[in-house]
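Accompanying notes for the structure given below.
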Amino acid sequence: MKDEKLQKALARMGLGSRRQMEEVIKAGRVTVNNGPATIGDRVEQGDEIRVDGRQIKYTAENEKRRRVIAYYKPEGEVCSAKDPEGRPTVFERLPKLTHDRWVMVGRLDINSTGLLLFTNDGEMAHRLMHPSSEVTREYAVRVLGEVTPDIARTLTAGVMLEDGMAQFEDIKEGGGEGVNKWYHVKLKEGRNREVRRLFESQGLKVSRLLRTRYGTIALPKELRTGRFLELDKKDINTLTDLVSLRPRYGTGLHGAAKEKQERIKNKPLKARRTDNRSDSRSNSAKPKSSASPASRGTRNTRDRNDKR
């Protein structure tokens, strides 16, 4: 049996969406083994695929090297490939791939910061995001107001939101002074603005939200805002074990890439500010505050908070 559908393979190799590839195939612009391709054709390793006469290097998904990168999202970036308002997106600072694409694992809203994972393995991304996998996400949240013991019990017991029941797996105090308090929370799903909506259901407003962990991967202490690190074999395999995926040959960093990551860990790159491209982003201005205590017990993020 052939390996996968042609339109899926072309989309996976970064040539466009699956629907766009179907249109390209219908237009007669694709050939497989020197013959015209049709919707539903299946391809496998060794097939010669050409688009507009240009040969596409095809690697079966279960044969290609699995890659994962950790990105420190700053405020003001949108979690999409393109933004109609012209705002910067999280994809713009990622390393370029040839005949492949990055798939984002989960999302953060434009005003949130912290850990975003990207992988070139679509199945891995799907499993990490699917509610049935119950992958834990952790956040440091600055809240305007106090989470009383009664509120904490309510938030961990469950609250009915407009899209169903939601709850934190855990909530702990993280310090802070005055009316702004920091809390560490965990939950096992990633619905739209779920952390913010849970606090809002109790009359509390989130003024800052930082994702500190996704599954087995914590926000690397040497990572600065607007920068990324590629994960090595050990970290990638802990993620695949979490969602019951088999390890893949060649996974991890090798040669010059591995040396580069070691240099970055020993001498972290400076934080990069988000480009100010649109007046519409003025509403997402960063709140001014002193260094956050949100990282107590996990990491010292004082230098990164000063950059946000």
Side-chain angles (χ1 to χ4, degrees), residues 1-69 71 73 77-110 116-131 190 192 228 230 236 240 243 245-246 248-251 257 275 277-278 280-281:
M1 182 177 178
K2 295 286 186 179
D3 187 82
E4 63 181 322
K5 288 185 178 180
L6 175 61
Q7 59 267 33
K8 177 184 176 182
L10 294 175
R12 180 172 57 78
M13 290 185 284
L15 299 180
S17 68
R18 195 174 302 187
R19 180 171 296 180
Q20 288 172 328
M21 292 302 98
E22 289 176 353
E23 295 302 317
V24 170
I25 295 169
K26 288 178 183 179
R29 297 165 55 189
V30 183
T31 62
V32 177
N33 298 327
N34 298 316
T38 58
I39 299 294
D41 284 351
R42 303 187 73 89
V43 291
E44 64 181 353
Q45 198 73 28
D47 285 339
E48 181 183 294
I49 305 172
R50 292 182 179 271
V51 177
D52 295 330
R54 180 171 65 92
Q55 185 169 354
I56 304 300
K57 184 180 179 181
Y58 173 75
T59 302
E61 187 163 17
N62 60 1
E63 295 292 333
K64 72 179 182 181
R65 181 166 70 94
R66 181 180 281 137
R67 300 177 66 183
V68 180
I69 58 177
Y71 178 65
K73 177 193 174 298
E77 287 188 353
V78 182
C79 284
S80 61
K82 295 181 181 179
D83 181 65
E85 298 181 33
R87 295 170 296 185
T89 77
V90 294
F91 284 89
E92 294 174 12
R93 288 174 171 169
L94 304 187
K96 303 302 180 183
L97 295 177
T98 302
H99 304 316
D100 209 345
R101 63 172 180 165
W102 291 117
V103 181
M104 181 168 54
V105 179
R107 303 173 68 89
L108 288 170
D109 66 51
I110 190 170
L116 271 179
L117 297 180
F118 293 85
T119 178
N120 65 336
D121 184 346
E123 177 61 22
M124 179 181 180
H126 172 73
R127 293 196 187 190
L128 285 169
M129 290 185 287
H130 200 278
N192 183 41
F228 66 85
E230 185 158 356
I236 294 175
T240 54
V243 291
L245 278 176
R246 296 177 61 184
R248 190 174 290 175
Y249 178 78
T251 292
D275 296 335
R277 299 184 188 174
S278 171
S280 64
R281 289 184 51 233

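Annotation for Asp41 and Pro36: closest pair OD2-O, 4.4 Å, computed over non-hydrogen atoms. When all heavy atoms are compared, the tightest approach of Gly106 to Leu116 is O-CD2, 3.9 Å. Closest of all the heavy-atom pairs between Arg54 and Leu15 is NH2-CD2, 4.2 Å. Nearest heavy atoms, Val43 versus Ala9: CG2-CB, 4.0 Å. Nearest approach of Ala11 to Ser17, heavy atoms of both residues: CB-C, 3.9 Å.
Interatomic distance, CG of Leu6 versus CD1 of Ile39, reported as 7.5 Å (0.5 Å rounding). The distance from atom CD of Glu92 to atom NZ of Lys82, rounded to the nearest 0.5 Å, is 11.0 Å. The structure places NZ of Lys57 at 9.5 Å from OG1 of Thr98, a figure rounded to the nearest 0.5 Å. Taken from CZ in Arg66 to OG1 in Thr240, the straight-line distance is 5.5 Å, to the nearest 0.5 Å. Expressed to the nearest 0.5 Å, how far NZ of Lys5 lies from CD1 of Ile25 amounts to 10.5 Å. Atom CZ of Arg50 sits about 10.5 Å away from atom CG of Asn33, to the nearest 0.5 Å.
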### Task
Starting from the C-alpha separation in whole Å, work towards a yes-or-no answer on salt bridge (Lys or Arg N to Asp or Glu O under 4.0 Å) for Arg127 and Glu123.
CA-CA 6 Å; Arg127 293 196 187 190; Glu123 177 61 22; 2.7 Å; yes

### Task
Would you sort out whether Ile49 and Thr31 count as a side-chain contact (heavy atoms from CB on, under 4.5 Å), showing the intermediate values?
CA-CA 6 Å; Ile49 305 172; Thr31 62; over 6 Å; no

### Task
Check the pair Glu77, Arg87 against salt bridge (Lys or Arg N to Asp or Glu O under 4.0 Å), reporting the backbone distance first and the verdict last.
CA-CA 7 Å; Glu77 287 188 353; Arg87 295 170 296 185; over 6 Å; no

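Side-chain rings of Phe228 and Phe118 stay apart, their centers remaining 6.0 Å or farther from each other.
By the 4.5 Å heavy-atom criterion applied to side chains, Asn34 and Glu48 are counted as neighbours. Side-chain contact between Met104 and Val90: present, with at least one pair of heavy atoms (C-beta onward) separated by less than 4.5 Å. The shortest distance between side-chain heavy atoms of Val30 and Val24 falls below 4.5 Å. By the 4.5 Å heavy-atom criterion applied to side chains, Cys79 and Thr89 are not counted as neighbours. Leu117 is not listed as a side-chain neighbour of Ile69, based on a closest heavy-atom distance of 4.5 Å or more. The side-chain heavy atoms of Leu97 and Arg67, taken from C-beta on, include a pair separated by under 4.5 Å. Counting heavy atoms from C-beta on, the side chains of Arg65 and Tyr249 never come closer than 4.5 Å. Contact annotation: the side chain of Lys8 never approaches that of Met21 to less than 4.5 Å [non-hydrogen atoms, C-beta and beyond].
Ion pair Asp121/Lys64 not flagged as a salt bridge, since none of the NZ, NE, NH1 or NH2 atoms sits closer than 4.0 Å to an Asp/Glu carboxylate oxygen. Taking 4.0 Å as the cut-off between side-chain N and carboxylate O, Glu44 and Arg42 do not count as a salt-bridged pair. Salt bridge annotation for Glu23-Lys26: present, with a cationic side-chain nitrogen under 4.0 angstrom from a carboxylate oxygen.
Judged purely by atom type and a 3.5 angstrom limit, Trp102 has no side-chain atom pairing as donor or acceptor with the backbone of Val68. Looking at Lys73, its side chain does come within 3.5 Å of a backbone N or O of Asp109 through a donor-acceptor pair.
In this model, no donor atom of one side chain and acceptor atom of the other lie less than 3.5 Å apart for Ser80 and Asp83.
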